[in-house]
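On a predicted model such as this, the values are computed, not experimentally measured, just so you know. To find a chain, count down the sequence lines: A is the first, B the second, and so on, and within it residues start at 1.
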Number of protein chains: 2
Amino acid sequence: MSDTITVEKAAQSLQEMGYRLTPQRLMILEAVLSSEDHVTAEELYEHVKSRYPHISFSTVYRTMEVLRDAGFVTQTDLGGGRVQYHPVDKAKHHHLICQSCGHVEEVSDEIFAGLRKDLHQKYGFDALLTHFAIFGRCRVCRERESRQPHR
Amino acid sequence: MSDTITVEKAAQSLQEMGYRLTPQRLMILEAVLSSEDHVTAEELYEHVKSRYPHISFSTVYRTMEVLRDAGFVTQTDLGGGRVQYHPVDKAKHHHLICQSCGHVEEVSDEIFAGLRKDLHQKYGFDALLTHFAIFGRCRVCRERESRQPHR
DNA sequence: ATCGCTGCAAACCCTTTGCAGCGCA
DNA sequence: TGCGCTGCAAAGGGTTTGCAGCGAT
């Protein structure tokens, strides 16, 4: 019931769930858990490749699928066709995504406390372990676009 | 300054902005504005194709780019690699996206009033015309997954 | 010795882009 | 008439899948 996931604990759980513990899996597991926040498949691939050059993207994707199903990571698609993976115990902030320039700004978690409670009570939706992804227009783009007409 | 966008008004604005009014553009414009909420490129393509079989996806994508830049639609990537387009005057609700089953539930807009105000004041971020996309776990999946171990 | 897992390559899906011709202004 | 726009086809980029062989249990 601890809130800190270690490679050892996760590995044991995986084994108990019937998954095999392969070197690749352990390396990918270590890579994602050591992430401060979120990682992409490519980052995991590069990270593992430095120690194990034979690794393939298929294994990264399939392993992340396992880790997600096992409950150790969540995956979030913020758009742009690049999925991000998060250790479930490290979801401490969220994202403001500008639709104009693609800029992603981080927002602290506290601002969502009230909303999260409402969502849970009214919709039964548990947003606790994930990122909020809020689309809109950032300050810079709003100012720029109000000055530049087409042509 | 009206909050209702019609094909006629939009067409005139586009022309004033220096864009050409082609039949394809007008058909796509009509298709997206007639949408109750959001449409995908494919839905627009199929809609227009029924009247103008020669239409191409390139034209749909490029037209939506124009309409976005002109301020008549917003585009949101909720993940899954499929962009959704919205008439700016019809963004009346938002989405709860379940990371496990992909189910998308709608949430009314009012629940976000306080949050939106905070985001604007503290981050200068304008989320007024867009969708919120909130990732998490829906009630059904939370209940199901607490009963089914792997294997 | 199983059979789950891996690596490779190819397939997929949506979106973007190059290019030659068309047609709006 | 000029050049912005279109359609076609091909390319792109991230992710998924089929398959044969490998290796954790």
* **Steps toward side chain to side chain donor-acceptor pair (under 3.5 Å) verdict (B:Gln12, B:Glu16)** => CA-CA 6 Å; B:Gln12 184 181 348; B:Glu16 289 169 355; 3.1 Å; yes
* **Worked check of side-chain contact (heavy atoms from CB on, under 4.5 Å) between B:Asp69 and B:Tyr19** => CA-CA 11 Å; B:Asp69 291 348; B:Tyr19 293 108; 4.2 Å; yes
* To do: Give the C-alpha distance, both sets of side-chain angles, the deciding distance and a yes or no for side-chain contact (heavy atoms from CB on, under 4.5 Å) between B:Ser13 and B:Phe72.
  => CA-CA 10 Å; B:Ser13 299; B:Phe72 298 118; 3.5 Å; yes
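Protein atom CD of A:Gln84 is 13 Å distant from nucleotide atom C1' of D:dG14, rounded to whole Å. Computed from coordinates, the B:Glu65 CD to C:dT15 C1' distance equals 11 Å when rounded to whole Å. Whole-Å rounding puts the B:Met64 CE to D:dT6 P distance at 13 Å. Put simply, CD on A:Glu46 is 12 Å from P on D:dG14, counting in whole angstrom units. Atoms CZ (A:Phe57) and C1' (D:dG14) sit 9 Å apart, rounded to a whole Å. Rounded to a whole Å, the CG atom of A:Leu14 is 14 Å from the C1' atom of C:dG4. Note: CD (B:Glu43) to C1' (C:dC13) measures 16 Å, nearest angstrom. Atoms CD (B:Gln12) and P (C:dC24) sit 19 Å apart, rounded to a whole Å.
Residues B:Leu14 and B:Leu67 are in side-chain contact: their nearest non-hydrogen atoms beyond the backbone lie under 4.5 Å apart.
Atom CZ of B:Arg62 sits about 13.5 Å away from atom CZ of B:Phe57, to the nearest 0.5 Å. Distance check, rounded to the nearest 0.5 Å: CZ of A:Arg68 to CD of A:Gln75 gives 4.0 Å.
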* Can you check each nucleotide of nucleotides 8-13 of chain D against protein heavy atoms at under 4.0 Å and return B for base, S for sugar-phosphate only, - for none, in 5' to 3' order? => BB----
* Contact pattern, 5' to 3', of nucleotides 20-25 of chain D - B, S or - by protein heavy atom under 4.0 Å -> ---BBS
N/O donor-acceptor pairs under 3.5 Å from side chains in residues 21-29 of chain A, not counting sequence neighbours:
{"residue": "A:Thr22", "atom": "OG1", "partner": "A:Arg25", "partner atom": "N", "Å": "3.1"}
{"residue": "A:Gln24", "atom": "NE2", "partner": "A:Tyr52", "partner atom": "OH", "Å": "3.3"}
{"residue": "A:Arg25", "atom": "NH1", "partner": "A:Arg20", "partner atom": "O", "Å": "3.0"}

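Salt-bridge formation is not detected for the pair A:Glu43/A:Arg82: no Lys NZ or Arg NE/NH1/NH2 atom is positioned less than 4.0 Å from an Asp or Glu carboxylate oxygen. A salt bridge does not link B:Glu42 to B:Lys49: none of the charged nitrogens lies less than 4.0 Å from a carboxylate oxygen.
Between A:Tyr61 and C:dG7 there is no side-chain polar atom (N or O) within less than 4.0 angstrom of OP1 or OP2.
Here A:Tyr45 lies out of heavy-atom contact (under 4.0 Å) with every strand.
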